[in-house]
K.L.:
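Right, I'll just put the structure down here and ask away after.
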Amino acid sequence: MRALQASAEAIPLADDSADAVKALLAVHHWTDLEAGIGELLRIARRRVVIFTWDQTILRRFWLVDEYLPEAAALDDTRAVAIDRLIALLGGARIETVPIPHDCTDGFSAAFWRRPEAYLDPEVRAGISMLARTGEEVLRPGLARLSDDLSSGLRHARPADLLDRETLDIGYRLVIADL
């Protein structure tokens, strides 16, 4: 297998050169969404899959709702509405992606049942929403999270999170069959 380095807006592959293409938590980073989606449609023969999130649901995630609303405000400006993706793809189906409690991928809500991970600067550096917001802005919310973890308050609310194996935090697959 070979790897190519390119931008989403100019993928150096021939038309219809892949059975399926995917974009994983990426469309919000593209400089030209329409061009990027156009490239995915150009190179895919059968399917385009986009793993993204619904910002209205993610906004209710305890981390951003209770501790880091400034980070959610940044993502409000970058998140791509799922309806917009569907329109650009010319139609698609949506599948909910429940996140397991032990998810190791490291995206923003992957540590929903392991809140202490968000106190680790290396973890935050790998989450674009937090890395782009900046440590100075995050500091007060992270201090509250640290205090709530130390006192046990964070684990007490909502208590049902500790019993869940998965959680719907708004992550979705947008699947276009061509």
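Only a predicted model underlies this, so the values are computations on that prediction, with no experimental measurement involved.
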K.L.:
Do the non-hydrogen side-chain atoms of L138 and L130 ever get within less than 4.5 Å of each other?
P.N.:
yes

K.L.:
Do the side chains of V80 and L33 get nearer than 4.5 Å, heavy atoms only?
P.N.:
yes

K.L.:
Could you check whether any side-chain N or O of R144 sits under 3.5 Å from a backbone N or O of Y67, counting only pairs where one atom can act as donor and the other as acceptor?
P.N.:
yes

K.L.:
Determine yes or no for a side-chain-to-main-chain donor-acceptor pair under 3.5 angstrom, with E39 supplying the side chain and I11 the backbone.
P.N.:
yes

K.L.:
Using a 3.5 Å distance criterion without hydrogens, assess whether the side chain of R45 forms a donor-acceptor pair with backbone atoms of D16.
P.N.:
yes

K.L.:
Side chains of H28 and T52: does their closest heavy-atom pair fall under 4.5 Å?
P.N.:
no

K.L.:
Charged N to carboxylate O under 4.0 angstrom, R84 versus E34?
P.N.:
yes

K.L.:
Looking only at atom types and distance, does a side-chain atom of E95 sit under 3.5 Å from a main-chain N or O of R172, one as donor and one as acceptor?
P.N.:
no

K.L.:
Pick out which of D15, V21, V48 makes a side chain to side chain contact (heavy atoms under 4.5 Å, CB included) with I43.
P.N.:
V21

K.L.:
Can you check whether L13 reaches L4 side chain to side chain, under 4.5 Å on heavy atoms?
P.N.:
yes

K.L.:
Below 4.5 Å, heavy atoms only, C-beta onward: do L173 and I50 meet side chain to side chain?
P.N.:
no

K.L.:
Any donor-acceptor pair under 3.5 Å linking the side chain of S146 with the backbone of A143?
P.N.:
no

K.L.:
Tell me, do L149 and L119 make a side-chain contact under 4.5 Å, heavy atoms counted?
P.N.:
yes

K.L.:
Would you confirm whether Q55, through its side chain, and A79, through its main-chain N or O, come within 3.5 Å as a donor-acceptor pair?
P.N.:
no

K.L.:
Determine, for R113 against D102, whether the closest basic-nitrogen to carboxylate-oxygen distance falls under 4.0 angstrom.
P.N.:
no

K.L.:
Does the R154 side chain pair with the main chain of P115, one donor and one acceptor, at a distance under 3.5 Å?
P.N.:
no

K.L.:
For a side chain to side chain contact (heavy atoms under 4.5 Å, CB included) check, start with the C-alpha distance between K22 and R47, then their side-chain angles and the critical distance, and finish with the verdict.
P.N.:
CA-CA 8 Å; K22 63 183 175 181; R47 180 173 289 164; over 6 Å; no

K.L.:
Could you report the tightest heavy-atom contact between I127 and G106, atom names first, then the distance?
P.N.:
CG1-O, 3.2 Å

K.L.:
Give the intermediate values and the outcome of side chain to side chain contact (heavy atoms under 4.5 Å, CB included) for residues F111 and E116.
P.N.:
CA-CA 8 Å; F111 306 101; E116 60 283 346; over 6 Å; no

K.L.:
Any link between V64 and L25 through a network of hydrophobic side chains (Ile, Leu, Val, Met, Phe, Trp, Tyr) touching at under 4.5 Å?
P.N.:
yes

K.L.:
Between R132 and D75, is any pair of side-chain heavy atoms under 4.5 Å apart?
P.N.:
no

K.L.:
Could you walk me through whether R78 and H29 satisfy the side chain to side chain contact (heavy atoms under 4.5 Å, CB included) test, starting with their C-alpha distance in whole Å, then the side-chain angles of each, then the deciding distance to 0.1 Å, before giving a yes or no?
P.N.:
CA-CA 8 Å; R78 300 177 331 132; H29 292 291; 3.4 Å; yes

K.L.:
R114 side chain to C103 main-chain N or O, any donor-acceptor pair under 3.5 Å?
P.N.:
yes

K.L.:
Would you check if the side chain of T133 reaches a backbone N or O of M129 as a donor-acceptor pair within less than 3.5 Å?
P.N.:
yes

K.L.:
Decide yes or no on side chain to side chain contact (heavy atoms under 4.5 Å, CB included) for R46 and D19, but give the supporting numbers first.
P.N.:
CA-CA 5 Å; R46 296 188 182 136; D19 286 335; 3.6 Å; yes

K.L.:
Do D54 and Y171 have side-chain N/O donor and acceptor atoms under 3.5 Å apart?
P.N.:
no

K.L.:
Tell me whether W112 contacts the main-chain N or O of I99 through its side chain, where contact means a donor paired with an acceptor under 3.5 Å.
P.N.:
yes

K.L.:
Kindly indicate whether the side chain of V137, heavy atoms from C-beta on, has any atom under 4.5 Å from the side chain of E70.
P.N.:
yes

K.L.:
Under a 4.5 Å side-chain heavy-atom rule over Ile, Leu, Val, Met, Phe, Trp and Tyr, are L89 and V27 clustered together?
P.N.:
yes

